[in-house]
Visitor: 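To start, I am sharing the structure in question, which I have written as structure tokens.
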Amino acid sequence: MIITRRTFVKAAATSGAALVLPGTAPGAPPAPVMRAVPSSGEMLPAVGLGTWITFNVGDDPVLRDECAEVMAAFFAAGGRMIDSSPMYGSSQPVIGYGLEKLGRPEALFSAEKVWTSSAADGPAQIEQSRRLWGVPRFDLVQVHNLVAWEMHLETLFAKKADGRIRYVGITTSEGRRHDLFEQIMRAHPLDFVQLTYNIVDREAEERLLPLAAERGMAVIVNRPFRQGALTRQLEGETLPDWAAEIGAGTWAQFILKFILSHPSVTVAIPATTRVEHVRENVLAATGPLPDAAMRDQMAAYVRNL
């Protein structure tokens, strides 16, 4: 049987049990996988919410409300980390709108970025982002794609020392500039690093993920589904029967469980515009995760499709 995201959600709804989430149904909710931030010990749910493209909806009131509904479902499912950037169009004010509409949930872990080639403009950009979110301070600010990273890191470490942000990080995506990324990881006491990693994009396994563990850095995984291309590619393929051993009912959950089973990964941040998908994604962080042997089996299965 070919199980798609749509048929999974429909079956779950009719069964009345498969989508039990905190605060949404009676009975004990599934326990989410929690991961510690190495530099502090703070525990975070292993699935967060990305906003690249999906929250870039401008001033459209209907689409803004749809994003707020996604955020509401995310928090109801036990999610905490929402990630954005000044590069993401209108995503920041849309997040701010959603947070205001939801009464500013205390669970929020705000992950933002600084993205400007002018180091002097960094503090003003961070402050503008903070106003757009409507938060008193960001939990995490990251240097986006290493743009002007040297001066921005100075700014961020100073803000952390003053208590104006809690954590400092850097980001890259799509396998770019890994050599420089590694150099920065070795030279600076970063709290977080963000990079691309999934069942087919595995370059980070070679050096970056082991280095993050060695250096005590939390890892945020972006592009877990290759911006949806990977799940679309697999949608017509048959999910293996043995996926049930780890509670993966869809390809999205199969991919996320592969990512989350790596011991260096802290949080994956899939982006979505649909409530049923955010619930499905968060459910991937419940139940068993694959061991090393099954990880190899999963990767081989996808590779041979």
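The model shown is predicted, which means the values in this text are computed figures rather than measured ones. Count residues from 1 along the sequence. Scope of the values below: all heavy atoms of this structure, side chains included, with no hydrogens, waters or symmetry mates.
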Visitor: Would you say that more than 12 heavy atoms from the other residues, nucleotides or ligands in this model lie under 6.0 Å from the CG of Asp162, or not?
Guide: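 Yes - once you tally the heavy atoms of other residues, nucleotides and ligands closer than 6.0 Å, there are more than 12.
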Visitor: Using 4.0 Å as the upper bound for N to carboxylate O, is an ion pair formed by Arg232 and Glu235?
Guide: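 So Glu235 does not pair with Arg232 through a salt bridge.
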Visitor: Ion pair present between Arg64 and Asp59, side-chain N to carboxylate O less than 4.0 angstrom?
Guide: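 Salt bridge present between Arg64 and Asp59.
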Visitor: Could you go step by step and tell me if Arg223 and Asp201 meet the salt bridge (Lys or Arg N to Asp or Glu O under 4.0 Å) rule?
Guide: CA-CA 10 Å; Arg223 294 176 60 85; Asp201 296 311; over 6 Å; no
Visitor: Distance only, no hydrogens: is a donor on one side chain within 3.5 Å (strictly under) of an acceptor on the other, for Gln92 and Glu112?
Guide: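 Yes, Glu112 and Gln92 have a side-chain donor paired with an acceptor closer than 3.5 Å.
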Visitor: Under 4.0 Å between a Lys/Arg side-chain N and an Asp/Glu carboxylate O for Lys160 and Asp191?
Guide: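 Salt bridge present between Lys160 and Asp191.
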Visitor: Ignoring hydrogens, what is the shortest heavy-atom contact between Val114 and Val141? Give both atom names and the distance.
Guide: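 Between these two residues, the closest heavy atoms are N-CG1, 4.1 Å.
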Visitor: Ion pair present between Glu214 and Arg207, side-chain N to carboxylate O less than 4.0 angstrom?
Guide: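 Looking at Arg207 together with Glu214, the answer is no, because their closest N to O distance does not fall below 4.0 Å.
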Visitor: Looking at Phe258, I'd like to know if the NZ or CZ of Arg295 sits under 6.0 Å from its six-membered ring centre while staying within 45 degrees of the ring's axis.
Guide: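 Output yes; distance and angle both within limits.
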Visitor: Should the pair Arg303-Asp296 be classified as a salt bridge under the 4.0 Å nitrogen-to-oxygen rule?
Guide: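 No, Arg303 and Asp296 are not salt-bridged.
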Visitor: Examine Ile82 and Val57 and state if one hydrophobic cluster contains both, with Ile, Leu, Val, Met, Phe, Trp and Tyr joined whenever side-chain heavy atoms are less than 4.5 Å apart.
Guide: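 Linked within one cluster.
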Visitor: Will you find, in the side chains of Arg186 and Gln183, an N or O donor that is under 3.5 Å from an N or O acceptor?
Guide: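 Side chains of Arg186 and Gln183: no pair found under 3.5 Å.
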Visitor: To the nearest 0.5 Å, what is the distance between CZ on Phe74 and SG on Cys67?
Guide: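 Interatomic distance, Phe74 CZ to Cys67 SG, rounded to 0.5 Å: 14.0 Å.
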Visitor: Angle between ring planes, Tyr301 versus Trp242, binned at 30° and 60°: parallel, tilted or perpendicular?
Guide: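 Ring orientation, 0 to 90° scale: perpendicular.
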Visitor: Count I, L, V, M, F, W, Y as connected when their side-chain heavy atoms are under 4.5 Å apart, and connections chain through other members. Are Val143 and Trp115 then in the same cluster?
Guide: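 Unlinked, Val143 and Trp115 end up in two clusters.
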Visitor: Flag the pair Glu174 and Arg226 as a salt bridge only when some basic side-chain nitrogen lies within less than 4.0 angstrom of an acidic carboxylate oxygen.
Guide: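 The answer is no: the pair does not qualify as a salt bridge.
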Visitor: Look up atom CD1 in Ile184 and atom CG in Asp179, then write down how far apart they are to the nearest 0.5 Å.
Guide: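 One finds 11.0 Å between CD1 of Ile184 and CG of Asp179.
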Visitor: Can Ser90 and Asn56 be counted as having a side-chain donor-acceptor contact under 3.5 angstrom?
Guide: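 There is such a pair between these side chains.
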Visitor: Under a 4.0 Å threshold between the charged nitrogen and the carboxylate oxygen, would Lys257 count as salt-bridged to Glu245?
Guide: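 Lys257 and Glu245: not salt-bridged.
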Visitor: Using the six-membered ring wherever Trp is involved, compare the ring planes of Phe254 and Trp251 and label them parallel, tilted or perpendicular (cut-offs 30° and 60°).
Guide: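 Perpendicular.
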Visitor: Run the salt bridge (Lys or Arg N to Asp or Glu O under 4.0 Å) test on Arg80 and Glu106 for me, step by step, so that the C-alpha distance in whole Å, both residues' side-chain angles and the decisive distance to 0.1 Å come before the verdict.
Guide: CA-CA 9 Å; Arg80 289 194 62 200; Glu106 293 182 3; over 6 Å; no
Visitor: Checking side-chain polar atoms at under 3.5 Å, does Asn281 have a donor or acceptor matched by the opposite partner on Gln253?
Guide: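 Side-chain D/A pair, Asn281 to Gln253: absent.
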Visitor: Could you tell me if Glu203 and Tyr197 have a donor-acceptor pair between their side chains, going purely by distance under 3.5 Å?
Guide: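 Per modelled atom types, Tyr197 and Glu203 side chains form no pair under 3.5 Å.
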Visitor: Cluster question for you: counting only ILVMFWY and a side-chain heavy-atom cut-off of under 4.5 Å, with indirect links fine, are Val33 and Val219 together?
Guide: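 Yes, because Val33 and Val219 connect within a single hydrophobic cluster, where side-chain heavy atoms sit under 4.5 Å apart.
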Visitor: Of all the heavy-atom pairs spanning His188 and Met217, show the shortest one and how long it is.
Guide: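 Shortest heavy-atom separation between His188 and Met217 comes out as O-CE, 3.3 Å.
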Visitor: Begin with the C-alpha distance, continue with both residues' side-chain angles, and end with the deciding distance and a verdict on salt bridge (Lys or Arg N to Asp or Glu O under 4.0 Å) for Arg274 and Glu66.
Guide: CA-CA 8 Å; Arg274 296 171 58 175; Glu66 288 179 0; over 6 Å; no
Visitor: Going by an N to O cut-off under 4.0 Å, is there a salt bridge joining Arg279 and Glu276?
Guide: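 Judged by the 4.0 Å cut-off on N to carboxylate O distance, Arg279 and Glu276 do not form a salt bridge.
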Visitor: Looking only at atom types and distance, does a side-chain atom of Thr266 sit under 3.5 Å from a main-chain N or O of Ile220, one as donor and one as acceptor?
Guide: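 The answer is no, because no donor-acceptor pair under 3.5 Å joins these two groups.
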Visitor: Hydrophobic clusters here meaning ILVMFWY residues chained together by side-chain heavy-atom distances under 4.5 Å, can you tell me if Leu180 and Met151 are in one?
Guide: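 No, it is not one cluster - the side chains of Leu180 and Met151 are not joined through contacts under 4.5 Å.
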Visitor: Is it the case that Ser84 and Thr51 place a side-chain donor and acceptor less than 3.5 Å from each other?
Guide: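 There is such a pair between these side chains.
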Visitor: Hydrophobic clustering (ILVMFWY, side-chain heavy atoms < 4.5 Å, transitive) - are Ile126 and Leu99 grouped together?
Guide: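 Yes, same cluster.
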Visitor: How close do Ala73 and Val278 get, counting heavy atoms only, and between which atoms?
Guide: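 So the minimum-distance heavy-atom pair works out to CB-CG1, 3.6 Å.
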